[in-house]
Visitor: 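First, the structure itself, so that you have it in front of you.
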2 protein chains.
Amino acid sequence: MEDGEPKRTRRDATTRARRALLIETAIACFVEQGIARTGMRDIAKKAGVSVGNLYNHFPGRDDLIAEIARIETADLADVVTQVARCADAHDAIDSFVESYFLYCADPISAVLTVEITSEALRNPAIDALFSGSRALLVDTLATLITGCGWRETQAPAQAALILDTIEGSALRVGLTGEKPGKRDTKALISFVRRALALEGN
Amino acid sequence: MEDGEPKRTRRDATTRARRALLIETAIACFVEQGIARTGMRDIAKKAGVSVGNLYNHFPGRDDLIAEIARIETADLADVVTQVARCADAHDAIDSFVESYFLYCADPISAVLTVEITSEALRNPAIDALFSGSRALLVDTLATLITGCGWRETQAPAQAALILDTIEGSALRVGLTGEKPGKRDTKALISFVRRALALEGN
DNA sequence: CGCCGGTGAACGTTCGTTCGTTCATTTAAA
DNA sequence: TTTAAATGAACGAACGAACGTTCACCGGCG
């Protein structure tokens, strides 16, 4: 999408590494202090870099935030597409629920979700990213639901409600800072099965 | 909890009114711009009041935010306790789901929820308020569920999942800025009924 | 008069961002 | 191969604006 010439010089390699370090450090700061309470100096200091250099790698603060949002949604898309291919429709739904739940319930993801959602309310670019992710999730899950006998006209609405359950549950678990337990996951899967009237497996 | 003597003077009445205006204005600012992007000057200017006067009514910015969080949780407690008294257990659950959903899906509530949740991550006082609210919700709903034949040991977990569904769904609807439609409410109630295996009514 | 709600300038701090500069690496000419 | 020019990563002081908060000072009720 960007370089026509990858430029395999040593300089370019260290630059990429530095940029990755800065993003990772920014995420750590955002999770620890919150986006609003994190300044450019905080990120630079934690990364062991000057403020000026930080601006050599990112045009501005908002661009840095947007980049992180972009990475997060890309990670999510990976999780979704990997789950999509599964033989039995029932198993596929279970797998989807579990994967998406575990992804969202990760404390880092959970905190970032809240922080970035707050950001998305006033940033159209980030909001668009989230809408795209949501649409992908609904489509994927709705297809699986349709494969279980639900009518195509109702599947998207049911998929949306299931996603609401997963996300709400994941936030509740993830924001406590603890890793999600197997008990949480099992209860969630059973709950969704019943809601879809699939309990007979 | 505070005054032993209500002080019914005219002066005191205007002071209370002014304080209420300031809180209302602060909420409006927080919803429009976000808590992080709202300064004390913004609130004062919008309320047609000086910054100094704002500090006559509230010790500081954090106290103002905490006060709003306190009001929000008190409103929620009202909604919950009013629903608690209902003859039939099945009807009571439907009523609970509908009431809590409509409350959370209100755009102002939805935005405030996200904003204050972000705040609660680093503010123990606000976090405690939220935990208390959550406990009340789980207890209330779990009691209703128990009345429908669920075992007491499993009811709280099911209640938690239902609350997750309601809150997740409400956020999704409320953050778009639109009022929740009857279709949303009905689909949600059906979803919960199936998840509780009460579909036969 | 005394009290207190109300004012807005001013304080010190921190914010995002810019700037001139240094210097190692890369590229191209000799 | 040696050398000179070009590049851009890295720096940290400095900028103006905005932040939360304070303060000395009014002016109208009680």
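Just so we're clear, the structure is a prediction, and the values are computed from it rather than from any experiment. Reminder, nothing fancy here: chain letters follow the sequence lines and each chain counts from 1.
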Visitor: Taking only Lys NZ, Arg NE, NH1 and NH2, and the carboxylate oxygens of Asp or Glu, determine whether A:R37 and B:E119 approach each other closer than 4.0 Å.
Guide: yes

Visitor: Flag the pair B:E67 and B:R19 as a salt bridge only when some basic side-chain nitrogen lies within less than 4.0 angstrom of an acidic carboxylate oxygen.
Guide: yes

Visitor: Any ion pair linking A:E32 and A:K46 (charged N to carboxylate O, less than 4.0 Å)?
Guide: yes

Visitor: Go nucleotide by nucleotide along DNA chain C from the 5' end; which of A:V51 and B:T14 gets its closest nucleotide reached first?
Guide: B:T14

Visitor: Measure the distance from OH on B:Y55 to C1' on C:dC11 and round it to the nearest whole Å.
Guide: 13 Å

Visitor: Is the backbone of A:Y103 close enough, under 3.5 Å, to the side chain of A:D106 for a donor and an acceptor to pair up by distance?
Guide: no

Visitor: Can you tell me the distance, in whole Å, between the CG atom of B:L54 and the P atom of D:dT21?
Guide: 10 Å

Visitor: Which pairs with one or both residues in residues 141-150 of chain A pass side chain to side chain donor-acceptor pair (under 3.5 Å), sequence neighbours excluded?
Guide: none

Visitor: Let me have a per-nucleotide readout for nucleotides 23-30 of chain D, 5' to 3', with B, S or -, counting only protein heavy atoms under 4.0 Å.
Guide: -----BBS

Visitor: Among the nucleotides D:dA9, C:dT17, D:dG20, which one has an atom lying closest to any side-chain atom of A:R61?
Guide: C:dT17

Visitor: Please work out which residues in residues 31-49 of chain A have a non-hydrogen atom less than 4.0 Å from an atom of DNA chain D and list them by number.
Guide: A:R41, A:V49

Visitor: Report the distance from atom CZ of B:F58 to atom P of C:dG6, rounded to the nearest whole Å.
Guide: 12 Å

Visitor: Specify whether B:Y100 and B:F96 have parallel, tilted or perpendicular ring planes, treating 30° as the upper limit for parallel and 60° as the lower limit for perpendicular.
Guide: tilted

Visitor: Identify whether the distance between the nearest side-chain nitrogen and carboxylate oxygen of A:D127 and A:R122 falls below 4.0 Å.
Guide: no

Visitor: Taking Watson-Crick and G-U wobble pairs with both distances under 3.5 Å, convert DNA chain D into its dot-bracket string, 5' to 3', dots for unpaired and | for cross-strand pairs.
Guide: ||||.|||||||||||||||||||||||.|

Visitor: Between A:R194 and B:Q158, is there a side-chain donor-acceptor contact under 3.5 Å, judged purely by atom types and distance?
Guide: yes

Visitor: Would you kindly give the CG-to-P distance between B:D62 and D:dT21, to the nearest whole Å?
Guide: 7 Å

Visitor: Return the set of residues passing salt bridge (Lys or Arg N to Asp or Glu O under 4.0 Å) with A:E24 (not counting sequence neighbours), or none when no residue passes.
Guide: none

Visitor: Please determine if a side-chain N or O atom of A:N53 lies less than 4.0 Å away from the OP1 or OP2 oxygen of D:dC11.
Guide: yes

Visitor: To the nearest angstrom, how far is A:R18 atom CZ from D:dG8 atom C1'?
Guide: 13 Å

Visitor: Is any NZ, NE, NH1 or NH2 atom of the basic residue among A:E178 and A:R172 found under 4.0 Å from an Asp or Glu carboxylate oxygen of the other?
Guide: no

Visitor: Can you tell me which residue pairs pass the side chain to side chain donor-acceptor pair (under 3.5 Å) test with a partner in residues 128-139 of chain A, sequence neighbours excluded?
Guide: A:R134-A:D164, A:R134-A:E167

Visitor: Does a side-chain N or O of A:H57 approach OP1 or OP2 of D:dA10 to a distance below 4.0 Å, or not?
Guide: yes

Visitor: C:dC4 P sits how many Å from B:R16 CZ, rounded?
Guide: 15 Å

